[in-house]
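Written out below as structure tokens is the structure these notes cover.
Count residues from 1 along the sequence.
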Amino acid sequence: MSYSRQERLALCALLDETGPDAPTLCEGWTTGDLAAHLVLRERRPDAAAGVAGGPLAGYTARVQERIKARIPFPDLVRMIRSGPPRLSVMALPGVDERANAVEFFVHHEDVRRGAPGWEPRELSSGESDMLWDRLRLARFMLRRAPVGVELARDDADGPAYRITARNATPAVTVVGSPAELTMWVMGRRTAARVRMDGIQTAVTKLAEANWR
């Protein structure tokens, strides 16, 4: 089973348990909002272009609200669980894994970590390595960071376990597991168990910055 499918099914099982009104790490969103977002992303390409913001963001938000209002939550979860529709680009071989493995991992954690008392999951080495490999794209997420950023795995040794996400001076090294580093890079900083090493002024600047 692909990691995208694995995380998709685990998220849907959790949504079945929580219902539509549970909190998430996505600011202002309940689990109902998150489910509507995921349905929109895979089934409304006309509105998905505004997911990351920009001039279409308002239209995307309105479509998401209509989806949430018109489709019962259990049906939303069933739509997510069934995967991309047959005519979707994401249904092409290999695209779901490339486009959704990190997406569903993060949103699964958004629901898990939105509840009190959460603890990090123990991931397989294969999934951890997948997340680490995808973190090579962090340079796009961190291009506006106010200092240099290096990511370092704390579950292995050697030069292959460091990524320069933003090459600048001074630099801060953010240390954690691939899962925790992924959550941190994706903006879930208050719920990511990482540590930051570097001169204090640079660490403070990075901790207080909003680069997204």
Grouping ILVMFWY residues whenever side-chain heavy atoms fall under 4.5 Å, the cluster of I199 otherwise contains none
Using a 4.5 Å side-chain heavy-atom cut-off and chaining through intermediate ILVMFWY residues, the residues clustered with L56 come out as none
Residue pairs passing the salt bridge (charged side-chain N to carboxylate O under 4.0 Å, His left out) test with at least one member in residues 88-101, sequence neighbours excluded, are R8-D96
Sorted by chain and residue number, the side-chain hydrogen bond (donor to acceptor under 3.5 Å, both in side chains) partners of E27 (sequence neighbours excluded) come out as none
Taking every heavy atom of A91 against every heavy atom of P84, the minimum-distance pair comes out as N-CB, 3.9 Å
Members sharing L34's hydrophobic cluster, built from side-chain contacts under 4.5 Å between Ile, Leu, Val, Met, Phe, Trp and Tyr, are L11, L14, L15, W29, L38, V39, L40, V51, Y59, V63, I67, I71, F73, L76, V77, M79, I80, F104, V111
Check the side chains of E42 and N100 for a donor-acceptor pair under 3.5 angstrom, ignoring hydrogens and angles. yes
R113 meets the salt bridge (charged side-chain N to carboxylate O under 4.0 Å, His left out) criterion, sequence neighbours left out, with E109, E180
(request) Check the pair T60, Q64 against side chain to side chain donor-acceptor pair (under 3.5 Å), reporting the backbone distance first and the verdict last. (result) CA-CA 6 Å; T60 297; Q64 180 172 308; over 6 Å; no
By salt bridge (charged side-chain N to carboxylate O under 4.0 Å, His left out), D46 pairs with (sequence neighbours left out) R44
>> Grouping I, L, V, M, F, W and Y whenever their side-chain heavy atoms are under 4.5 Å apart, do M90 and V106 come out in a common cluster?
In response: no
In short, salt bridge (charged side-chain N to carboxylate O under 4.0 Å, His left out) pairs touching residues 55-70 with sequence neighbours left out are D33-K68
Between R112 and H107, is there a donor-acceptor pair closer than 3.5 Å when you use the side chain of the first and the backbone of the second? no
Worksheet entry | T24 (side chain) donor-acceptor with G114 (main chain) under 3.5 angstrom | no
Applying side-chain hydrogen bond (donor to acceptor under 3.5 Å, both in side chains) to T182 and not counting sequence neighbours gives none
Applying side-chain hydrogen bond (donor to acceptor under 3.5 Å, both in side chains) to E127 and not counting sequence neighbours gives Q6
Sorted by chain and number, sequence neighbours left out, salt bridge (charged side-chain N to carboxylate O under 4.0 Å, His left out) with R41 holds for E103
Q.
Is there a salt bridge (Lys or Arg N to Asp or Glu O under 4.0 Å) between R134 and D129? Walk through the geometry before answering.
A. CA-CA 9 Å; R134 301 295 178 86; D129 288 345; over 6 Å; no
task: Give a yes or no on whether a salt bridge exists between D16 and R81, defined as a side-chain N under 4.0 angstrom from a carboxylate O.
output: yes
Applying salt bridge (charged side-chain N to carboxylate O under 4.0 Å, His left out) to E208 and not counting sequence neighbours gives none
